[in-house]
2 protein chains.
Amino acid sequence: MPRAIQEAKSEVSIANALEAALKLFSSQGFRATSMRQIASASGLSVGNLYHHFTNKEAIFQQLIEQYWEYILDPQLRLNTIFSKAEFPDDLEEMATAIEEVVEACAPYILLVYVDVIEFEGRHVRAFYEGMADRFEEAYGDRFRQRRQAGEFGDVNPMVAVMVATRWLFYFFTVEKCFGVPMHLGMSPQKAVSEFMKLLRYGLEPRSAQAAGSPN
Amino acid sequence: MPRAIQEAKSEVSIANALEAALKLFSSQGFRATSMRQIASASGLSVGNLYHHFTNKEAIFQQLIEQYWEYILDPQLRLNTIFSKAEFPDDLEEMATAIEEVVEACAPYILLVYVDVIEFEGRHVRAFYEGMADRFEEAYGDRFRQRRQAGEFGDVNPMVAVMVATRWLFYFFTVEKCFGVPMHLGMSPQKAVSEFMKLLRYGLEPRSAQAAGSPN
DNA sequence: TAAAGCAAACTGAACGTTCGGTCGGTATTC
DNA sequence: GAATACCGACCGAACGTTCAGTTTGCTTTA
């Protein structure tokens, strides 16, 4: 067997282990998941697991890094939306892109909560601390331009884009990861579209000539 | 010792155990916390712990019930605000009342996440499933009246009050429980006041005669 | 081409420790 | 003396981790 294939073989083992560990950590927590569970779920032996990973926490660490890479990938649809900086015109696209991410990453998102509880957020702290800066980088200049052009009212668009993003993440996380669908008492589509209307027009009623037909 | 005092004595033991368990569960998770840790942190013996609680999960269960009682107490300031149904005029009061609750309940809130991870949300599901109904009960009639009186624009005020409440809870939870202060890149006061402005006026600029002075 | 060599992949029994939970017993109070 | 509060030694099971040893498959040597 050529060397490349042998390498591929062990990479498959590692991938299997990570996949099994993700499923177990996200549904039971870190401490509640044993190396034997990971081993038998991934078809590896306990010894082999320790051949590929220095210890249990190293597996957890690698999973967090996988998530980080996925979420910061410039190719990710959500990131292409951010980079265009067309907020809030692209709110609908943002919402479906975030739903997509939450759907695709559901177990990884739960891992974040596992980290907060069992490791005091040690593995994810940096990610959240850097969030505001990443938004500043994506939107800062454009927003300052557009604000000078009178495009926004009193409202700070930077806060708005962060609120919108985090709210949508939170909403879909509760719906899809926490197992509480319809927690606002309506379908996700309805909830999201009402949320976007709220973001755009606000609660204070507008004068007659404002956009949008009353219903 | 009179009966009342003896009862009080064992109640103190139970309270100590619950307090210690809360601290441990919320900072390490359920499985990662041992009965011996709870025992030594509360000054009880392992045997005594099992005298007062049938098993470890029963301790967890009681803590969740404590939280539930606290949060649904009609005397709680946040609930007096809800019962007045003056949203969104009382947004500022709501924000500080929610900050108060999060501050007071920080460990209990983390317990919710522990439950989601380690018990599939078994102990808290009912609470979140009933949330929309509780808002309907508090705000339904008043909002329908006020809407007919033209007090709201296109925006659904029921969605707005739930978004506002959940957002503020989420925001303060990340700030105070997850250990990521200033995660929106600004002080909590600034973030909350910008959020409220966003809720009230929306992103779309208003015509000249609209309330609020431009800055 | 066949044998020898070798490093990586892999195995599973075993280690010391800790776990949740039990139980026989003592101290205290009525 | 009955009942409650409490203690801590104890149980079997499971834990994370180790390790001596086997298998595998490519490379080097003859």
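Throughout, a chain's letter reflects where its sequence line sits, starting with A, and its residues are numbered from 1. Side chains are part of it too, since the values below use all heavy atoms of this structure and drop only hydrogens, waters and symmetry mates.
Side-chain contact between A:Phe53 and A:Ile14 is present, with heavy atoms from C-beta onward closer than 4.5 Å. Within the 4.5 Å cutoff, the side chain of A:Val114 has no heavy atoms near those of the B:Tyr113 side chain.
For the pair A:Phe53 CZ and D:dG16 C1', the computed distance is 16 Å after rounding to whole Å. Distance CZ (A:Phe30) to P (D:dC15): 13 Å, rounded to an integer number of Å. Rounding to whole angstrom units, CG of residue B:Asn16 and C1' of D:dA5 are separated by 14 Å. Taking atom CG of B:Leu44 as the reference point, atom P of D:dG8 lies 12 Å away to the nearest angstrom. Atom P of nucleotide C:dT17 and atom CZ of B:Arg36 are separated by 15 Å, given to the nearest angstrom. For the pair B:Asn48 CG and C:dG21 P, the computed distance is 16 Å after rounding to whole Å. Rounded to an integer number of Å, the gap from CD of B:Glu57 to P of C:dC19 is 18 Å. Rounded to whole angstrom, the span from the CD1 atom of B:Ile59 across to the C1' atom of C:dG21 amounts to 12 Å.
The residue among B:Gln37 and A:Leu49 whose nearest nucleotide of DNA chain C is located toward the 5' end is A:Leu49. Mapping A:His52 and B:Thr54 onto DNA chain C by nearest heavy atom places A:His52 closer to the 5' end of the strand.
Checking the phosphate oxygens (OP1, OP2) of C:dA9, no side-chain nitrogen or oxygen of A:Ser13 falls inside 4.0 Å. Checking the phosphate oxygens (OP1, OP2) of C:dC10, no side-chain nitrogen or oxygen of A:His51 falls inside 4.0 Å. Here A:Tyr50 reaches the OP1 or OP2 of D:dT17: one of its side-chain N or O atoms lies under 4.0 Å away. Taking side-chain N and O atoms only, B:Asn55 has no distance below 4.0 Å to OP1 or OP2 of C:dG20.
Remark: the A:Arg31 side chain and the D:dG16 base include no donor-acceptor N/O pair separated by less than 3.5 Å.
Judged by distance alone, the side chain of B:Glu175 and the main-chain N or O of B:His183 form a donor-acceptor pair under 3.5 Å. Between the side chain of B:Glu129 and the backbone N or O of A:Val180, no donor-acceptor pair lies under 3.5 Å.
The listed nucleotides are C:dC10, C:dG20, D:dG8; the one nearest the side chain of A:Ser45 is C:dC10.
Residue A:Ser34 is in sugar-phosphate contact alone, with no base atom involved, counting any heavy-atom pair closer than 4.0 Å across all strands shown.
Side-chain contact, A:Glu65 with A:Gln61: a donor N or O sits under 3.5 Å from an acceptor N or O.
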